[in-house]
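Notes for the one structure printed next.
The first residue in the sequence is number 1, and the count goes up from there.
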Amino acid sequence: MTKQRAARLDLRQRAGGRLLRMINPLARRMIAAGMPTGAPNVLLTVRGRRSGKPRTVPVGMIEFDGRMFVQASYGESGWVQNLRVAGEATVTEHHRDLQVIPVELPPDEAAAILRRILAPYRRSRVLRALLGPRFRPPIGILSRYRIRIDDTPEEYLAEARRHPLFELRGVTSAPSG
């Protein structure tokens with residue numbers, strides 16, 4: 001990420017990104033070992049857009065209406081750009097590898113899905129005040145803890161524009177090596 005791009009990020013996003021970079025190596029090991037992390041995390045392996053080497057990152061995944069989704073909680077991060085270029089990925093969960101084809105949803109469709117997923121949950125004004133107007137936890141974490149921050153269709157649309165949502169399709173399973 002360039003310095004100019006980092007300067008545009010909210011302080012909460014920068015701090016959250018730094019924290020995740022420190023925690024991700026531990027989270028990768030925990031998820032690979034099948035240990036709980038307190039979130040609906042999986043390992044996403046995607047080919048690097050420049051190096052061509054496989055890159056593995058923990059991401060929050062949510063299953064809804066028989067579909068699987070991952071959200072770019074910190075915006076245009078490296079795995080998001082790699083996923084767009086590669087057009088395929090592997091999700092590792094519970095010692096199983098799932099080959100997937102990611103489809104980035106347009107913001108209006110993503111907003112509708114985000115809203116449907118979180119509709120049953122109570123809105124937390126306190127959490128929204130703490131996080132600010134632009135920072136959101138991953139949809140998987142909000143769903144797991146049964147809270148929502150946004151209320152109006154416009155708020156969900158703004159969230160979908162800042163943090164792309166991918167549907168993972170074409171799943172096949174194979175034992176993990």
Side-chain angles (χ1 to χ4, degrees), residues 9-10 12-21 23-24 27-28 30-31 36-46 55-84 86 88-94 98 100-171:
L9 292 177
D10 178 271
R12 293 171 190 96
Q13 288 177 305
R14 291 192 314 265
R18 286 184 188 122
L19 179 64
L20 279 181
R21 281 190 291 281
I23 293 173
N24 276 350
R28 271 196 298 275
M30 290 175 66
I31 295 166
T37 61
N41 289 331
V42 296
L43 295 177
L44 180 72
T45 303
V46 63
R55 304 291 183 191
T56 301
V57 63
V59 296
M61 186 178 76
I62 188 160
E63 294 184 56
F64 181 72
D65 281 349
R67 298 160 70 186
M68 295 187 319
F69 300 94
V70 292
Q71 185 181 30
S73 303
Y74 293 94
E76 302 286 329
S77 59
W79 72 262
V80 172
Q81 295 171 24
N82 289 342
L83 197 58
R84 286 177 178 147
E88 62 183 5
T90 302
V91 171
T92 304
E93 179 181 34
H94 305 298
L98 306 169
V100 296
I101 298 169
V103 177
E104 185 173 357
L105 301 178
D108 58 335
E109 185 179 344
I113 290 170
L114 294 172
R115 190 166 190 206
R116 284 183 49 219
I117 290 170
L118 297 175
Y121 308 128
R122 186 173 187 182
R123 182 172 182 220
S124 173
R125 295 174 198 263
V126 172
L127 187 58
R128 183 181 178 123
L130 289 173
L131 296 176
R134 297 181 51 87
F135 181 75
R136 299 290 180 273
I139 184 73
I141 290 175
L142 290 172
S143 178
R144 169 163 279 175
Y145 293 104
R146 301 178 181 275
I147 56 175
R148 64 187 163 104
I149 297 172
D150 299 313
D151 215 16
T152 67
E154 294 78 18
E155 290 171 326
Y156 284 100
L157 183 58
E159 168 64 6
R161 286 184 174 137
R162 286 191 302 269
H163 304 125
L165 184 68
F166 292 85
E167 180 179 358
L168 305 178
R169 297 180 182 168
V171 179

State, to 0.1 Å, how close Ala89 and Leu44 come at their nearest heavy-atom pair, and which atoms those are.
CB-CD1, 3.7 Å
Going by side-chain contact (heavy atoms from CB on, under 4.5 Å), Val42 matches just one of Val59, Thr90, Leu168, Val57. Which one?
Val59
Where Arg161 and Pro107 come nearest, the two heavy atoms and their spacing:
CG-CB, 3.8 Å
Rounded to the nearest 0.5 Å, what separation is found between the CG atom of Leu130 and the OG atom of Ser124?
8.0 Å
Answer yes or no: is there a side-chain heavy-atom contact under 4.5 Å between Pro102 and Val70?
no
Can you give me the closest heavy-atom contact between Thr45 and Thr56, atom names plus distance?
OG1-OG1, 2.8 Å
Say you draw a straight line from CG of Asp150 to CG of Leu157; how long is it, rounded to the nearest 0.5 Å?
10.5 Å
Positive for side-chain contact (heavy atoms from CB on, under 4.5 Å) with Val100, one of Glu167, Arg169, Met68, Glu88
Met68
As an exercise, state the distance from OH of Tyr156 to CG of Asp108, rounded to the nearest 0.5 Å.
16.0 Å
Residues Pro164 and Arg84: closest non-hydrogen pair is CG-NH2, 3.5 Å
Evaluation steps, salt bridge (Lys or Arg N to Asp or Glu O under 4.0 Å), between Arg148 and Glu155:
CA-CA 11 Å; Arg148 64 187 163 104; Glu155 290 171 326; over 6 Å; no
Counting C-beta onward and ignoring hydrogens, is there a side-chain heavy-atom pair between Phe69 and Ile113 closer than 4.5 Å?
yes
For Gln71 and Pro137, the nearest pair of non-hydrogen atoms, with its separation, is OE1-O, 4.3 Å
So with a 6.0 Å cut-off around CZ of Arg146, is the heavy-atom count from everything else above 12?
no
For the side chain of Tyr121 and the backbone of Leu142, is there at least one donor-acceptor N/O pair under 3.5 Å apart?
no
Among Arg125, Arg123, Arg128, which one satisfies salt bridge (charged side-chain N to carboxylate O under 4.0 Å, His left out) with Asp151?
Arg123
Approximate separation, where rounding is to 0.5 Å, of Leu165 CG and Glu159 CD
9.5 Å
Please report the shortest heavy-atom distance between Leu118 and Ser143, naming the atom on each side.
CD2-N, 3.9 Å
Within this structure, what is the CG-CD1 distance for the pair Leu127 and Ile147, rounded to the nearest 0.5 Å?
4.5 Å
Just so I know, are the side chains of Asp65 and Arg116 near enough to count as touching, which here means a heavy-atom distance under 4.5 Å?
yes
